[in-house]
J.: 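For reference, the structure I am asking about is given below.
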Amino acid sequence: MYVNENMSMQPEGYTAKRNIKDSVFTKMFREQKYLLKLYQALHPEDTETTADDIKTITLEPVFVNDLTNDLGFEVKGKLFILVEAQSNMTVNIIVRSFMYLARTYQEHFEETGKDLYGTKPVEIPESELYVVYTGNKKIDKDIITLSEEFFKGKETAVEVRVNVITERNGRGIISQFITFSKVVDDLIKKYGRTAETVAKAIYICKNEDILKEFLEEHEKEVHDIMIILFDQEKAREIHENSIKMESEAKGIVKGRAEGREEGREEGKEDVAIEMLKGNVEPTLISRFTQLSLERINELKSLLSNTLQPVND
C-alpha cells in the first residue's frame, strides 16, 4: 500500500532509533501552526482559537531524573492539554499522565503566584489528557480511567481520565501522524531499522499527502536529526552488547572456578579413600585432607559396603 520502490539507497551502517516516531511527534508540535492543527483536531467545534492563543507548557528537564512528557499546551489560559504518543499501549500511561498534570499545575501556580493557603478559591485551568496510540493492537476504549484500570471501578480520592486516540477515531493532523507511524512500521518489517527505511517513509508520506507540509519544510533537518538518533541507537546497542558479553564472560569464569573447586573436592576424597583402605584414623585423614569427619565417615561407610563380600 505504502511502499514505492523507486528510491535510492541511503548510507549503510545506521540503525534507526526505536522511538523515532515520538521524536517526529515532539519536533512537529513545537511549532505553533502545527500545535494549532493538533488542537483543532481535538476540538473541531472551536473555530475561533488562533495560534497566538496557544502556549506550550511541555515539561522541560532541569535534572536527569526530572519528569518530562511528550507535549503539553495551554489554550487561552483556561485549558491544559497534555498529549503522549505511544507505540506500545500500557495502562500505566494513566499514572504517568497524572504525574505530568500534577507537575504542570505546580509550575502554573508557582508562575502565577496563586495563594493556595488563602480562603478564596484560586482559578484553575481545566485539563484534558490524551494518548495517541500508533501500534497495531486493537484498542476498543476511547477513554481509560484510573479507577477502572487500577481499582476495579472503586471510587478513590483521585480520578484520572485519559482519552485514547487511535487509527479508528483520529482526525486531522493526528490521523496523519498515526498513518505516518504505520508507514514506518510497514517499511521496518520489509527493510529493517535503517536509514533507507526512514528515507522511504519520508518520500512516501510526502507523495501521499501525509504530514506533507511538515516534511517538505523540515526534510533536511529531520534527516540530520534522524542520523544523530541512529548513532545514539548504535551506541546503545554496543553498550548493551558489551554488558552482555561481560556478563557471559563472568559466567564462564565463575563456572570454571566452580569446576576447579569441585575437582579439588573430588581429589581430596580420592586421597581419603586410599587412606581409609590403609586403615588410617579418620581424624588424621580429616587433618590431612581438610575434609569433615562427617564426610570421611560417609566415605568409610560407602567403602565398607563396596568391599563387603556377596553371599551366594
Side-chain angles (χ1 to χ4, degrees), residues 16-29 35 38-39 41-44 56-61 63-75 79-108 124-186 188-189 193 229 233 236 240:
K17 192 174 183 181
R18 285 165 176 75
N19 69 349
I20 191 169
K21 292 170 289 184
D22 297 341
S23 299
V24 171
F25 181 88
T26 54
K27 172 175 176 52
M28 179 165 55
F29 294 118
L35 200 53
L38 173 61
Y39 173 72
L42 298 175
H43 285 276
T56 298
I57 54 172
T58 305
L59 297 174
E60 296 294 338
F63 301 104
V64 174
N65 295 324
D66 274 7
L67 282 175
T68 56
N69 59 331
D70 284 346
L71 176 65
F73 60 97
E74 177 184 326
V75 182
L79 175 65
F80 288 163
I81 296 179
L82 306 186
V83 188
E84 296 294 305
Q86 299 286 305
S87 57
N88 296 306
M89 192 63 177
T90 167
V91 293
N92 291 328
I93 190 64
I94 301 172
V95 179
R96 297 207 308 271
S97 296
F98 169 64
M99 294 174 68
Y100 300 148
L101 182 60
R103 178 64 176 273
T104 301
Y105 273 127
Q106 179 185 3
E107 291 191 354
H108 170 75
I124 303 178
E126 295 181 14
S127 59
E128 295 176 356
L129 304 175
Y130 295 87
V131 56
V132 177
Y133 175 63
T134 63
N136 295 319
K137 182 180 178 181
K138 185 178 180 181
I139 305 293
D140 295 324
K141 295 181 179 180
D142 290 340
I143 296 174
I144 52 178
T145 66
L146 187 70
S147 59
E148 289 294 334
E149 301 297 339
F150 290 88
F151 302 108
K152 299 181 180 180
K154 180 182 177 181
E155 290 186 8
T156 63
V158 176
E159 178 63 296
V160 182
R161 294 163 53 89
V162 178
N163 298 280
V164 181
I165 303 178
T166 64
E167 189 175 24
R168 171 177 54 83
N169 61 356
R171 292 188 295 262
I173 198 167
I174 301 177
S175 177
Q176 290 186 46
F177 172 72
I178 294 173
T179 303
F180 167 82
S181 301
K182 300 290 184 183
V183 172
V184 172
D185 287 341
D186 288 347
I188 284 175
K189 290 177 183 177
R193 300 182 184 277
L229 293 176
E233 178 66 9
R236 186 188 66 81
E240 289 180 352

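Side chains are part of it too, since the values below use all heavy atoms of this structure and drop only hydrogens, waters and symmetry mates.
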J.: Which heavy-atom pair separates L146 from V95 by the least distance, and what is that distance?
T.: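 Closest pair (atom of L146, atom of V95, distance): CD1-CG2, 4.3 Å.
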J.: Can you list everything that forms a side-chain contact (heavy atoms from CB on, under 4.5 Å) with F98? Sequence neighbours excluded, please.
T.: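 Expected list: V158, V160.
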J.: Roughly how far, to the nearest 0.5 Å, is the CE atom of M28 from the CZ atom of F177?
T.: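 Reported to 0.5 Å precision, the distance equals 6.5 Å.
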J.: Could you state the interatomic distance from CG (N92) to CD (Q86), rounded to the nearest 0.5 Å?
T.: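 Reported to 0.5 Å precision, the distance equals 10.0 Å.
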J.: Pick one: which of I139, D140, V131 meets side chain to side chain contact (heavy atoms under 4.5 Å, CB included) with T166?
T.: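 Among I139, D140, V131, the one that satisfies the side chain to side chain contact (heavy atoms under 4.5 Å, CB included) with T166 is I139.
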J.: Please confirm whether the backbone N or O of T58 pairs with a side-chain atom of T56, one donor and one acceptor, at under 3.5 Å?
T.: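 Looks like no, no N/O pair under 3.5 Å.
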J.: For E128, check side-chain contact (heavy atoms from CB on, under 4.5 Å) against everything at least two apart and list the hits.
T.: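 Applying side-chain contact (heavy atoms from CB on, under 4.5 Å) to E128 gives H43, L79, I81, Y130.
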J.: Would you mind reporting whether F25 and V83 have side-chain heavy atoms less than 4.5 Å apart?
T.: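 Yes. Closest side-chain heavy atoms under 4.5 Å.
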J.: Side chain to side chain contact (heavy atoms under 4.5 Å, CB included) for L38 and I174? Distances and angles first, verdict last.
T.: CA-CA 7 Å; L38 173 61; I174 301 177; 3.2 Å; yes
J.: Any salt bridge (Lys or Arg N to Asp or Glu O under 4.0 Å) involving residues 152-161? Give me the pairs, sequence neighbours left out, ordered by first then second residue.
T.: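 Sorted result for residues 152-161: empty, none.
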J.: Is the shortest heavy-atom distance from the side chain of H108 to the side chain of P125 under 4.5 Å?
T.: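 When only atoms from C-beta onward are counted, P125 and H108 do touch, with a gap below 4.5 Å.
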J.: V132 and I178: which non-hydrogen atoms are nearest, and at how many Å?
T.: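 Heavy atoms of V132 and I178 come nearest at CG1-CG1, 3.8 Å.
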J.: Look at the rings of Y105 and F80 and say which category their plane angle falls in: under 30° parallel, 30 to 60° tilted, over 60° perpendicular.
T.: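 Ring orientation of Y105 relative to F80: tilted.
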J.: With rounding to the nearest 0.5 Å, note down the distance linking OG1 in T26 to CG in L71.
T.: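 Here the rounded value is 9.0 Å.
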J.: With distance as the sole test, does T90 use its side chain to make a donor-acceptor pair with the main-chain N or O of I93 at under 3.5 Å?
T.: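 Not a single qualifying donor-acceptor pair exists.
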J.: On a heavy-atom basis, which atom in L59 and which in N69 lie closest, and how many Å separate them?
T.: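 That would be N-OD1, 2.9 Å.
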J.: Is any side-chain heavy atom of K138 less than 4.5 Å from a side-chain heavy atom of E167?
T.: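 They are not in contact (no side-chain heavy atoms under 4.5 Å apart), so the answer is no.
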J.: Can you tell me how far apart CD1 (I144) and CE (M89) are? Round to the nearest 0.5 Å.
T.: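 Those atoms lie 4.0 Å apart.
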J.: Taking side chain as C-beta onward, heavy atoms only, is Y100 less than 4.5 Å from R96?
T.: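 The answer is yes; the side chains approach within 4.5 Å.
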J.: Please answer whether the main-chain N or O of V183 pairs with a side-chain N or O of D186 as donor and acceptor at a distance below 3.5 Å.
T.: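 Checking the backbone N and O of V183 against the side chain of D186, no donor-acceptor pair under 3.5 Å is found.
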J.: For the residue pair A85 and D70, what are the closest heavy atoms and their distance?
T.: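 Looking at all heavy atoms of both residues, the closest pair is N-OD2, 2.8 Å.
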J.: Where is the tightest heavy-atom contact between G170 and I165, given as atom of each residue plus distance?
T.: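 So the minimum-distance heavy-atom pair works out to CA-CG2, 3.7 Å.
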J.: To check you understand the geometry: which heavy-atom pair defines the closest contact between A41 and G172, and what is its length?
T.: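 That closest heavy-atom pairing would be CB-CA, 4.4 Å.
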J.: Would you compute the distance between atom CG of L35 and atom CZ of F73 and round it to the nearest 0.5 angstrom?
T.: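 Answer for the CG-CZ pair, L35 versus F73, is 5.0 Å.
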J.: Distance from Q106 atom CD to L101 atom CG, nearest 0.5 Å?
T.: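 Between Q106 CD and L101 CG, I get 12.0 Å after rounding to 0.5 Å.
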J.: Starting from the C-alpha separation in whole Å, work towards a yes-or-no answer on side chain to side chain donor-acceptor pair (under 3.5 Å) for N136 and K182.
T.: CA-CA 8 Å; N136 295 319; K182 300 290 184 183; 3.2 Å; yes
J.: I'd like to know if D142 and R168 make a salt bridge, using a cut-off of under 4.0 Å between side-chain N and carboxylate O.
T.: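 So D142 pairs with R168 through a salt bridge.
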